[in-house]
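One-based numbering along the sequence shown.
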Amino acid sequence: MRPDRPHGPRMLGRLAPDRLGGVLLGASVLVFLAGSGWVLADPATSYSWWHNMFSDLGRTTCQPSDGRWVCAPRHAAFNAALIASGLLMAAGAALLARRWGWALTAGIGGTSAGLVILGTFPSDVAPRIHLAGAVLTLPVPAAGWLLSALRPLRARCRASTPAPVRASLGAGALLLNLVHLVPQTELMPRGAAEVLALSIVVALLLFESYAAAGARR
């Protein structure tokens, strides 16, 4: 007698978007990290993690920034990686929308749009548009993580990261973004604040990617 598997095909079809979304989300982060590493590995790159903005690696010309000389000969590769990462992230977030709920999906959607803007409009080409991209890339997802952990949105978000972790890391990332976008705060160097905020977002995305890609139910 053939075993009855009423949930097999239906469950596979229902979970496929989650798994594919997780894979695309992870790929987007890896593309971003690979592009960044490729630029930083160039001995001719002049950049300070402590003082410069991360997107300064996409500047098309060598010039001072925040009192430091910035030069990234491989800027084209970095900008291309930002755009590719943003597109992959947008696709992954769309597939994970039902799992995440609107707050977190909107936040990660903001990141994906911001990455595309940053890569398309480097800071030395279109500074105002670039600044808009910077706001979308980090503060918006931080707000998304925080909002997704608060009532009543918490019940609609099935993210794998526990709500208290989302709330605390989201709030921390928002504070760090305030430091890096508003120099007058002077709590710590802008570059260091941005790297810390970026690290939080990357870590959360990698965890969600792994959890979604390996989802079983």
Side-chain angles (χ1 to χ4, degrees), residues 5-41 54-55 57-58 74 76-120 133 136-149 153-163 165-166 169-170 173 195 197-217:
R5 298 189 300 172
H7 300 295
R10 183 182 303 175
M11 182 166 290
L12 178 61
R14 181 165 59 87
L15 287 182
D18 278 8
R19 290 179 175 175
L20 179 56
V23 170
L24 291 173
L25 191 66
S28 73
V29 176
L30 294 179
V31 167
F32 169 78
L33 295 176
S36 304
W38 173 249
V39 178
L40 291 170
F54 199 73
S55 60
L57 292 172
R74 297 177 178 176
F78 179 76
N79 290 329
L82 292 182
I83 295 172
S85 177
L87 295 176
L88 288 168
M89 190 176 296
L95 290 169
L96 291 168
R98 293 185 63 183
R99 177 187 180 94
W100 281 349
W102 73 263
L104 186 53
T105 302
I108 304 307
T111 301
S112 62
L115 289 171
V116 173
I117 292 174
L118 291 178
T120 306
L136 286 171
T137 301
L138 287 177
V140 170
W145 289 108
L146 177 59
L147 289 174
S148 71
L153 300 178
R154 183 188 306 176
R156 299 186 179 184
C157 181
R158 294 187 292 113
S160 298
T161 309
V165 176
R166 296 200 307 272
L169 291 182
V195 168
L198 180 64
S199 299
I200 290 174
V201 172
V202 166
L204 287 170
L205 288 175
L206 284 176
F207 180 76
E208 287 297 327
S209 166
Y210 176 80
R216 295 182 177 275
R217 59 185 179 85

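Taking every heavy atom of both residues into account, V140 and A106 meet most closely at CG1-O, 4.1 Å. Across all their heavy atoms, R158 and R98 have their closest contact at NH2-O, 3.7 Å. S28 and S85 get closest at one heavy-atom pair: O-OG, 2.7 Å. Across all their heavy atoms, C157 and L104 have their closest contact at SG-CD2, 4.2 Å. When all heavy atoms are compared, the tightest approach of L147 to A103 is CB-CB, 4.1 Å. The two atoms that bring A81 and G35 nearest to each other are CB-CA, 3.7 Å, heavy atoms only.
Scanning for side chain to side chain contact (heavy atoms under 4.5 Å, CB included) contacts around L33 gives V29, with sequence neighbours left out. Every residue two or more places apart in sequence or in another chain was checked for a side-chain hydrogen bond (donor to acceptor under 3.5 Å, both in side chains) with S209, and none qualifies. Shown here are the side chain to side chain contact (heavy atoms under 4.5 Å, CB included) partners of A93, two or more places apart in sequence or in another chain: W100, I108. Looking at residues two or more places apart in sequence or on another chain, you find a side-chain hydrogen bond (donor to acceptor under 3.5 Å, both in side chains) between S160 and R99. Qualifying ring-ring contact (aromatic ring centres under 6.0 Å, His included) partners for F32, counting only residues two or more places apart in sequence or in other chains: F54. Partners of S36 according to the side-chain hydrogen bond (donor to acceptor under 3.5 Å, both in side chains) rule, which considers only residues two or more places apart in sequence or in another chain, do not exist here. Residues satisfying the side chain to side chain contact (heavy atoms under 4.5 Å, CB included) criterion with L95, sequence neighbours excluded, are P17, L20, L24. Contacts of A163 classified as side chain to side chain contact (heavy atoms under 4.5 Å, CB included), with partners at least two apart in sequence or in another chain: A149, R154, R166.
Interatomic distance, L30 CG to L205 CG, rounded to the nearest 0.5 Å: 11.0 Å.
A side-chain contact (heavy atoms from CB on, under 4.5 Å) with T137 is found for exactly one of I117, L198, V201, L118, namely L118. Looking at N79, L57, V39, L40 one by one, the single match for side-chain contact (heavy atoms from CB on, under 4.5 Å) with R74 turns out to be V39. Each of V31, L25, V116 was checked for a side-chain contact (heavy atoms from CB on, under 4.5 Å) with M89, and the lone residue meeting it is L25.
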message = Please determine whether side chain to side chain contact (heavy atoms under 4.5 Å, CB included) holds for the pair W145 and L204, giving the CA-CA distance in whole Å, both sets of side-chain angles, and the decisive distance to 0.1 Å.
response = CA-CA 9 Å; W145 289 108; L204 287 170; 3.5 Å; yes
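Taking 4.5 Å as the limit, every side-chain heavy atom of L96 sits out of range of all side-chain heavy atoms of T105.
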